[in-house]
Amino acid sequence: MSKVLHFYKTYYPDTMGGIEQVIFQLAEGGIAHGIESEVLYLSGRGAARGELVKRHLSHRAKLDLHVASTGFSVSVFKQFAELAKQADIIHYHFPWPFMDLVHFATRVHKPTVVSYHSDIVKQKHLLKLYQPLMNRFLGSVDRIVAAAPNYVDASPVLRRHKDKVCVIPYGLDESSYPQPSVEKLSAWRDRLGPRFFLFVGALRYYKGLNFLLEAAQGCDYPIAILGCGPLEAELRAQAEALGLRNVHFLGWQSDEDKVALLTLCTGVVFPSHLRSEAFGVALVEGAMYGKPMISCEIGTGTTFVNIAGETGLVVPPADARALREAMRMLWDQPLLAAEMGRRARLRFERVFTAKAMLASYSELYKSLLLKSASVTKRLG
């Protein structure tokens, strides 16, 4: 049994985004591969050790402050050093500049993996200051994992470190999702109607939801927005100003509710318009439930998940008119929508299962441990 320590700025149950879902799938699914995972993260709820998340342990360090979307903690240095000494592999989740500082300050000499979830897009001025540390950090780790080949091609950061980059697509375990009850399905059908489009995700600046609201003007089909986030009040105000009656803000719902909505929806609409959206786990969820997808061409994994004209429709970013026409096409052509959904499901089964992701990560971990053992033996 090999021990892996995942380190990220946040985790369940504090937040429930795509990266947290990936870490969860790695931690839970890794058990079958002989991998024991623990997760260390920062939390405004304070410090705690050994909390059980389904079948793996998580550890909280006290979040002291946020600066430019980066969480800081004084106490995490000690906690990370203690937990890392017990681990065989350290698995970092990028981007999080403070993580780089912890990595160098604690001087833990263990095999290291970085899941590269996204370029830094929003904080361009701060990126110039951070770049030397970032490149030193990425240059110091053993392997960097990207989730989509087109993201590697489009990322200047990954191209700089391409000698240690490999691609392992995100994968989901369908059996870890609950089966919604008949009553739950009926309740959502009564609330939203028999057909509707669904967005799932955090309400953040790069999700393009303001363009989705513009696209909803002049349309009579319902659009359900599942999620919370810093832009929620602003988006609700925009919807009210536009006089939208067909947009439903659902907030966060239980996993059973999410599955019910994915089961019932006509299609998944994912209007992210900036490269901060590196993949789109919600798209993979849509494909898992056999739904056609609408996404934007932003040179990231969204177009790796959603193949234009095959599993759904791909439109230019920040284009409300194109989003409206894409929704109209799927709404008016249910046979086309069903066929795209069928192909989306087939692509999920071929590429995006947790089984495939875990097999690849298991092999990567093994190769790093063998390399580390060989170096230790040679030096010894």
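- Aromatic rings of His66 and Phe72 (six-membered ring for Trp) have centroids beyond the 6.0 Å cut-off, not under it.
- Annotation: the span from His59 atom NE2 to Ser43 atom OG amounts to 14.0 Å, rounded to 0.5 Å.
- Aromatic ring centres of Phe304 and Phe352: separated by under 6.0 Å.
- Panel note: side chain Arg275, backbone Gly299; a donor-acceptor pair is recorded below 3.5 Å.
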Task: Working for ring pair (Phe, Tyr, Trp, His ring centres under 6.0 Å), residues Tyr41 and Tyr8 - done: CA-CA 5 Å; Tyr41 68 104; Tyr8 188 50; 9.4 Å; no
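- Across all their heavy atoms, Ala146 and Val152 have their closest contact at CB-CG2, 3.5 Å.
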Task: Verdict with supporting geometry, Tyr177 and Met288, side chain to side chain contact (heavy atoms under 4.5 Å, CB included) - done: CA-CA 11 Å; Tyr177 285 69; Met288 184 169 71; 3.6 Å; yes
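- Counting all heavy atoms, side chain and backbone alike, Ala239 lies closest to Phe249 at CB-CE1, 3.9 Å.
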TODO: Give the C-alpha distance, both sets of side-chain angles, the deciding distance and a yes or no for side chain to side chain contact (heavy atoms under 4.5 Å, CB included) between Leu364 and Val145.
DONE: CA-CA 10 Å; Leu364 175 58; Val145 182; 3.6 Å; yes
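- Asp64 places a side-chain N or O within donor-acceptor distance of the main-chain N or O of Val74, the cut-off being under 3.5 Å.
- In this structure, Leu313 is not a member of the same hydrophobic cluster as Ile298, with clusters built from ILVMFWY side-chain heavy atoms closer than 4.5 Å.
- Ring centroids of Phe196 and Tyr221 are separated by 6.0 Å or more, keeping the two rings apart.
- Taking the six-membered ring where the residue is Trp, His91 and Tyr361 present tilted rings, their angle falling between 30° and 60°.
- The backbone N or O of Asp142 sits less than 3.5 Å from a side-chain atom of Thr112, completing a donor-acceptor pair.
- You'll find the side chain of Ile294 stays beyond 4.5 Å of the side chain of Phe270, heavy atoms only.
- Between Glu174 and Arg345 there is a salt bridge, since a side-chain N of the basic residue sits under 4.0 Å from a carboxylate O of the acidic one.
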- [ ] I would like to know whether Glu325 and Arg321 meet salt bridge (charged side-chain N to carboxylate O under 4.0 Å, His left out); could you show each step before the answer?
- [x] CA-CA 6 Å; Glu325 289 306 310; Arg321 179 178 295 180; over 6 Å; no
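- Neither Leu358 nor Val39 shares a network with the other; the hydrophobic side chains, linked directly or stepwise wherever heavy atoms of I, L, V, M, F, W or Y lie under 4.5 Å apart, form separate groups for each.
- Under the 4.5 Å side-chain contact rule for hydrophobic residues, Ile23 and Val281 do not share a cluster.
- Leu172 contributes atom CG, which lies 9.5 Å from atom OH of Tyr289 (distance to the nearest 0.5 angstrom).
- For the residue pair Ser276 and Tyr205, a side-chain donor N or O sits within less than 3.5 Å of a side-chain acceptor on the partner.
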Open item on the list: Applying side chain to side chain contact (heavy atoms under 4.5 Å, CB included) to Leu57 and Arg49, what does each step give before you reach the verdict?
Closed with: CA-CA 8 Å; Leu57 294 179; Arg49 282 286 188 97; over 6 Å; no
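- Counting only distance, with no hydrogens or angles, the side chain of Arg195 and the backbone of Trp331 share a donor-acceptor pair below 3.5 Å.
- A donor atom on one side chain and an acceptor atom on the other are found under 3.5 Å apart for His56 and Glu28.
- Put simply, the side chain of Lys291 never gets that close to the backbone of Glu285: no donor and acceptor are under 3.5 Å apart.
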Open item on the list: Test side chain to side chain contact (heavy atoms under 4.5 Å, CB included) on Leu138 and Val157; report intermediate values, then the result.
Closed with: CA-CA 9 Å; Leu138 293 174; Val157 176; 3.5 Å; yes
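- Here the CZ-OG1 distance, from Phe80 to Thr106, works out to 4.5 Å after rounding to the nearest 0.5 Å.
- Taken to the nearest 0.5 Å, the CD atom of Gln25 stands 4.5 Å off from the OG atom of Ser176.
- Judged by distance alone, with hydrogens and angles left aside, the side-chain atoms of Asp88 form a donor-acceptor pair with the main-chain N or O of Lys3 at under 3.5 Å.
- A donor-acceptor pair shorter than 3.5 Å can be found between the side chains of Thr15 and Thr10.
- For the pair Arg342 (side chain) and Gly290 (backbone), a donor-acceptor distance under 3.5 Å is absent.
- Checked against the 6.0 Å centroid criterion, the rings of His6 and Tyr92 do not qualify as a close aromatic pair.
- Leu42 has its side chain out of reach of Arg60: every pair of non-hydrogen atoms, C-beta onward, lies at least 4.5 Å apart.
- Placement of Leu346 and Leu283 in two distinct hydrophobic clusters is found when ILVMFWY residues are connected by side-chain heavy-atom separations under 4.5 Å, directly or transitively.
- Within the 4.5 Å cutoff, the side chain of Leu40 has heavy atoms near those of the Gln79 side chain.
- Relative orientation of the Tyr170 and Phe279 rings is perpendicular, given thresholds of 30° and 60° on the angle between their planes.
- In this structure, Lys62 contributes its side chain and Ser75 its backbone to no donor-acceptor pair below 3.5 Å.
- At least one side-chain heavy atom of Asp119 sits less than 4.5 Å from a side-chain heavy atom of Tyr151.
- The two residues Lys110 and Ala84 come nearest to each other via the heavy atoms NZ-O, 2.9 Å.
- Asp173 CG to Leu26 CG: the interatomic distance, rounded to the nearest 0.5 Å, is 11.5 Å.
- The aromatic rings of Phe104 and Phe137 sit perpendicular, their planes meeting at an angle over 60°, well past the 30° parallel limit.
- Within a 6.0 Å radius of NZ in Lys164, more than 12 heavy atoms belonging to other residues, nucleotides or ligands are found.
- In terms of hydrophobic clustering, with Ile, Leu, Val, Met, Phe, Trp and Tyr side chains grouped at heavy-atom distances under 4.5 Å, Leu226 and Leu185 are assigned to a common cluster.
- Here the CG atom belonging to Leu250 is positioned 9.0 Å from the CG atom belonging to Asp257, to the nearest 0.5 angstrom.
- A cation-pi geometry, defined here as NZ or CZ lying under 6.0 Å from the six-membered ring centre and within 45° of its normal, does not hold between Arg343 and Phe348.
- Without hydrogens or angle criteria, Trp96 side chain to Gly71 main chain gives a donor-acceptor distance under 3.5 Å.
- With no hydrogens or angles considered, no side-chain donor-acceptor pair links Asp319 and His273 at under 3.5 Å.
- Annotation: side chain of Phe211 is not in contact with side chain of Pro271 (no heavy-atom distance under 4.5 Å).
- In this structure the side chain of Tyr365 never reaches within 4.5 angstrom of the side chain of Pro111, judged on heavy atoms.
- Taking both residues in full, the closest heavy atoms of Ala87 and Ile90 are given as CB-CD1, 4.2 Å, listed atom of the first, atom of the second, then distance.
- For Asn306 (side chain) and Val314 (main-chain N/O), no donor-acceptor pair under 3.5 Å exists by modelled atom type.
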